[in-house]
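This report concerns only the one structure given below.
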2 protein chains.
Amino acid sequence: MSTTAYRDASGRRLVDYPRPSVAVDTAVLTPNPSEGLQVLLVRRDSAQRKDAWALPGTFLHEGETLADAVLRSLEQKAGLRGQAPRQLHVFDAPERDDRGWVLSVAHVVLLAADVVRPVVAARPDDVRLRPVEDATGLPFDHDDIVRMAVAEVRSSYAERPDPDRLLLEPFTLRDLRRLHEAVAGERLQPDVFRRHVKDHLVSTGEMTRGSVGRPAELFRHT
Amino acid sequence: MSTTAYRDASGRRLVDYPRPSVAVDTAVLTPNPSEGLQVLLVRRDSAQRKDAWALPGTFLHEGETLADAVLRSLEQKAGLRGQAPRQLHVFDAPERDDRGWVLSVAHVVLLAADVVRPVVAARPDDVRLRPVEDATGLPFDHDDIVRMAVAEVRSSYAERPDPDRLLLEPFTLRDLRRLHEAVAGERLQPDVFRRHVKDHLVSTGEMTRGSVGRPAELFRHT
DNA sequence: CAAATAGTGTCTCTTAGACAGTATTTG
DNA sequence: CAAATACTGTCTAAGAGACACTATTTG
C-alpha cells in the first residue's frame, strides 16, 4: 500500500490542503478602424455597485483547461465565440478577493470587430465596448489586465502581420494596414508598412477588381 | 441573509467547487563564465525513478503568494536564498500529474554563480547544475519550463545591462560583459558591447587599481 | 481628364558591427 | 620595453523613414 503519490514534499497529503479557487479574467480586445483598440466589459452580478462593469471571468471547473474556461466565460457572459486565449499573468495576492482565496489567471483574446459588434448591439444592457485608454477604475486587478493585454497585442502586431489571423483571406495590404492602425492606435505610412510586412505574406496572384484606383494585389497569411 | 458573495456567476457556491492543487515549478538559472547558462536540478522524492532529477517545486500554501512559494521551495529543496521570481506560464492540462488535478505555475529565478556554487558543492547528492542545453528528458513540463526560462532571461539581458542586478557594485564593463556572455552563451565584442550598454549605467568616477593593463572605469546600475 | 488608390525609386539619417588605432597600466 | 587591458575614431553595410514619382483603375 503506497500513499506516497498523494503526499507532497513536506509530507502533507494533497487532499488535506486548503486549495485556492482558480478563476480566469479576460481582456477581449477588438480593433476598430475608427476608434482604435476597444475592450469588452460586462455588467457585474451585483448591479448596485459603483464599479458595475468588469472584464468577463469565471471559475475554473474540474477537468477543464484555462483556455476552455476563458471561452466558456465569453460564451456565458457575452454570447461570444472566442479563440486562442493567451495567458498574461497570475494575480495571487491572498486578499485580492473578499469572497475568499482566489487566484486569477489573466488572459487576452483578440476578436475582429465584425464578430464583436453585433453581439454588443444585441445586449446593450449586459455588454459594452470601451476604448482601452478609457477603461480605468475597473474592479480587482482589471486595470492592470487591460494594460498588459494592450501591450501584448501591440507588440505582437508590431512584429509580424496579423498574428491572430483576424483578416479573412484574401486581403489587400490596405486591409492589413487598417487593422494594424487600429491595433497600434496611430496612422502608419502605406509605403513603409508595405515593405515591413510584404515578405511575411504569400501573394495569391489575384487582384482586386471593380474598386476605385489601381487594383491591389491580394495576399494570404503564411 | 446574503450568500451572494459566495456564489459564482453560474450560481454555484464557491465552497462546493472541486478546486485544483496549485504548484510552482522553478528554473533556477545561473550564468557561469566558463560553462554558460546552467540550470539547477534537485533529486525527486522517489529515487528509484528513471527521471530522478527535476526542477524544484512545491504546492502553494494557504495565505501565500506564488513568489513566496517559489522562495520556500528553493530554501527547502536546495537551501538557496533566491529573489525576484518571474512567472513564465501556467501549465494546466488536467491529466498532466498522475497524483490528481494540479496546476503548475512555472517561474524563473536568476542567481549569481557565487551564490549557487557553494550550495551545490555542499549537497552533491540532492542538488545538481547542468548546462541548459543538456537539461532534457525531465519529468512533467520541465523541459518546456527550462526552454521558456532561457528565452526569457536571454531576451531581458539582450535589452539592458544586468536587469537582475547580479553584479556587485561597483563593476567594470569587463565584469558586465563576462556576465552577459555567460547568459547569451557566446562571445561579445568588447567595443560593440561597451557602446551598447554604457548609456544605461552610471559612472562612479572611480577606476580599478593594481590590475594589469589600463585601469578601467567603475560603474553602478542605474 | 480628374480623382483615387497601388506600388516603386531613391535619398537621408541612424545604427550595428568591424577594424585599427591610441592610452595606460604591470612587471 | 613587452604584454595586457581599456577605450575611441572611423569606415562600411544595412535598415527605417520620408518623399516624390510612376501605374492603373473608376466615373
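What's counted below: heavy atoms across the whole structure, side chains too, no hydrogens, waters or symmetry copies. In what follows, chains carry the letters A, B, and so on, assigned in the order in which the sequence lines appear, proteins first and then strands, with residues in each chain numbered from 1.
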Review point. Checking side chain to side chain contact (heavy atoms under 4.5 Å, CB included) for the pair B:L176/B:L167: CA distance, chi angles, key distance, verdict?
Key: CA-CA 7 Å; B:L176 184 65; B:L167 285 182; 3.8 Å; yes

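- Under the 4.0 Å criterion applied to side-chain N and carboxylate O atoms, A:R72 and A:E75 are not assigned as salt-bridge partners.
- Rounded to an integer number of Å, the gap from B:M207 CE to D:dT5 C1' is 11 Å.
- In this structure, A:D144 pairs ionically with A:R147, as a charged nitrogen and a carboxylate oxygen lie closer than 4.0 Å.
- Regarding B:F219, its CZ atom lies at a distance of 11 Å from the C1' atom of D:dA6, rounded to whole Å.
- Between B:R194 and D:dA6 there is no side-chain N or O to OP1 or OP2 distance below 4.0 Å.
- Checking A:T30 against A:N32 by side-chain atom types alone, no donor-acceptor pair falls below 3.5 Å.
- Non-hydrogen atoms lying under 4.0 Å from DNA chain D are contributed by B:R174, all within residues 168-181 of chain B.
- Between the NE2 atom of B:H196 and the P atom of C:dT15 there is a distance of 12 Å, given to the nearest Å.
- Checked by atom type and distance alone, the side chain of A:H142 never pairs as donor or acceptor with a backbone atom of A:A54 at under 3.5 Å.
- D:dG17 atom C1' lies 18 Å from atom CZ of A:R187, rounded to whole Å.
- With no hydrogens or angles considered, no side-chain donor-acceptor pair links B:H107 and B:D25 at under 3.5 Å.
- A:R86 has a carboxylate O that lies under 4.0 Å from a charged side-chain N of A:D164, or vice versa, which qualifies the two as a salt bridge.
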Exercise for review: Do nucleotides 19-27 of chain D as a string where each nucleotide becomes B, S or -: B if the base has a protein heavy atom under 4.0 Å, S if just the sugar-phosphate does, - if no protein is that close.
Suggested key: B---BBBS-

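- Contact check on B:D141 versus B:R96 returns a salt bridge, with a Lys/Arg side-chain nitrogen under 4.0 Å from an Asp/Glu carboxylate oxygen.
- Rounded to whole Å, atom P of D:dG15 lies 19 Å from atom CZ of A:F193.
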